[in-house]
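Only this structure's heavy atoms are used, side chains among them; waters, hydrogens and symmetry mates stay out.
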Amino acid sequence: MAALKEIAREYASEIRDGIGWVIVYRTGRSWHALTVWSDLGNNEWETDDINDALEALRLDPRAVALNGYYLGHFGDMTIDDIAAGIRWHYERGTNALADDDTLTQARADIEAARQQAAEAGLPFSERLVDGPEDEINPYTYDGSMTVADYEAAQRARDAHAALVEVVADHYPNATEEAVERVAEAASSMKLSPEAVQRILDAFDNIIEVINRMIEWAAQAIRTLADFFGETLDNFILRRAPPKWRHYALHAKRARVRKKYRNRIRRAFFAALASEGGGSS
């Protein structure tokens with residue numbers, strides 16, 4: 001059990017300097033304190049300091065924030081004077097955390113988020129984070145969750161890791177981002193790693209069938225093209241002038257044969273265009 005004079009001695013330099021703010025609170029007969037370095041004089045809070053202040057407020061609804069520069073009643077700043085000043089401000093609720101607008105809004109936001117998490121069946125941590133990179137350490141229980149929520153979060157983390165492992169093993173050449181996207185989609189659908197494995201295997205089978213169908217279709221198109229190309233050529237040749245047909249089929253030089261075949265084709269399609277009223 002910490003005595004008030006011990007707290008005064010430990011935090012005397014912060015009180016005297018007036019730079020940081022000393023949050024003072026009680027649990028039972030014990031006194032406690034911690035220093036935050038946000039600019040509370042201008043109501044500017046850092047996220048970590050909000051978390052610390054909310055924890056103090058949770059333990060003691062009468063918690064206060066004190067600063068020797070902004071507040072009086074610390075006398076000559078001796079240890080005894082500081083202890084007396086702390087008691088005086090605490091008993092009168094000077095700078096009570098419960099009255100701070102930022103902390104009041106933070107508590108309201110946390111409760112609203114807690115309700116949303118409960119409705120969605122998700123584990124909830126009341127610790128505020130400062131951006132996406134300020135993540136909670138999943139390996140340390142920091143008290144910001146209930147034990148049940150912490151255990152649920154651990155199960156969810158382990159399940160997600162298992163999904164990532166299944167996807168990465170199935171697609172070893174996939175990028176980490178692609179693997180994570182697939183795993184997140186599976187997590188959102190509450191799929192087990194076994195179900196994801198079956199889906200990926202089935203997807204591979206579907207892709208294999210589609211590839212075979214594409215290969216068959218390509219071969220069929222080539223066959224049809226060859227058939228119709230050969231049939232059309234024969235049809236055109238039979239209607240060409242005898243001399244052109246002879247050279248197209250029997251000229252010694254390949255260049256001559258090609259020349260007459262092209263001539264026959266041009267004449268044939270020119271005739272079709274003429275019968276049809278002209279080409280477009």
All ring pair (Phe, Tyr, Trp, His ring centres under 6.0 Å) counterparts of Trp88, not counting sequence neighbours: His73
Going through the checks in order, is the side chain to side chain donor-acceptor pair (under 3.5 Å) test met by Gln105 and Asp101? CA-CA 6 Å; Gln105 185 61 53; Asp101 292 341; over 6 Å; no
Does Arg181 come within less than 4.0 Å of Glu177, counting only side-chain N to carboxylate O? yes
Would you say the side-chain atoms of Asp81 pair up with the backbone N or O of Asp76, donor to acceptor, closer than 3.5 Å? yes
Nearest-0.5 Å distance, CD of residue Glu44 to CD of residue Glu46: 8.5 Å
Do Arg263's NZ or CZ and the ring of Tyr260 fall within the cation-pi criteria of under 6.0 Å and 45°? yes
Donor-acceptor check, side chain of Tyr11 to backbone of Val22, threshold 3.5 angstrom: yes or no? no
Please tell me if the side chains of Thr27 and Asp60 come closer than 4.5 Å, counting only heavy atoms from C-beta onward. no
Gap separating the CD atom of Gln197 from the CD1 atom of Ile199, nearest 0.5 angstrom: 10.5 Å
Starting from Val256, can I reach Leu249 by hopping between I/L/V/M/F/W/Y residues whose side chains sit under 4.5 Å apart? yes
Just wondering, do Glu194 and Val166 contact through their side chains at under 4.5 Å, heavy atoms? no
What is the minimum heavy-atom distance between Ala267 and Trp244, and which atoms define it? CB-CZ3, 3.9 Å
Set of side-chain contact (heavy atoms from CB on, under 4.5 Å) partners for Asn262, sequence neighbours left out: Lys258, Arg265, Arg266
So, for Ile50 and Ala106, which heavy atoms are closest and what is the spacing to 0.1 Å? CG2-CB, 4.1 Å
Can you name the side-chain contact (heavy atoms from CB on, under 4.5 Å) partners of Arg16, sequence neighbours left out? Ala12, Met77, Ile79, Ile82
Excluding sequence neighbours, so at least two apart, what forms side chain to side chain donor-acceptor pair (under 3.5 Å) with Glu10? none
Starting at NZ of Lys252, measure out to CZ of Arg257 and round the result to the nearest 0.5 Å. 11.5 Å
Ring pair (Phe, Tyr, Trp, His ring centres under 6.0 Å) with Tyr69: which residues, sequence neighbours excluded? none
Shortest non-hydrogen contact from Leu34 toward Val36: CD1-CG1, 3.6 Å
At what distance, to the nearest 0.5 angstrom, does CZ of Arg114 lie from CD1 of Ile110? 7.5 Å
Without swapping roles, check the side chain of His32 against the backbone of Ile7 for a donor-acceptor pair under 3.5 Å. no
Closest approach of Ala8 to Ile86 (non-hydrogen atoms, all atoms of both residues): CA-CD1, 4.2 Å
With the side chain counted from C-beta on, respond yes when Trp31 and Lys5 share a heavy-atom pair under 4.5 Å apart, and no when they do not. no
Apply side-chain contact (heavy atoms from CB on, under 4.5 Å) to the pair Leu40 and Asn67, showing each step before the final yes or no. CA-CA 10 Å; Leu40 305 194; Asn67 181 287; over 6 Å; no
Strictly below 4.0 Å, N to O, side chains only: are Arg58 and Glu55 in salt-bridge contact? yes
From OH (Tyr90) to CG (Leu4), nearest 0.5 Å: 11.0 Å
Is there a donor-acceptor pair closer than 3.5 Å between any side-chain N or O of Arg245 and the backbone N or O of Ala248? no
Provide the closest heavy-atom pair for Leu57 versus Ala98 in the form atom of the first, atom of the second, distance. CD1-N, 3.7 Å
Using the test side chain to side chain donor-acceptor pair (under 3.5 Å), find all partners of Glu180 that sit at least two apart in sequence or belong to another chain. His160
Check the orientation of Tyr70 and Trp21. Use parallel for under 30°, tilted for 30 to 60°, and perpendicular for over 60°. parallel
As an exercise, state the distance from CH2 of Trp45 to CG of Leu54, rounded to the nearest 0.5 Å. 8.0 Å
Heavy-atom pair of closest approach, residues Val164 and Ala183: CG2-CB, 3.6 Å
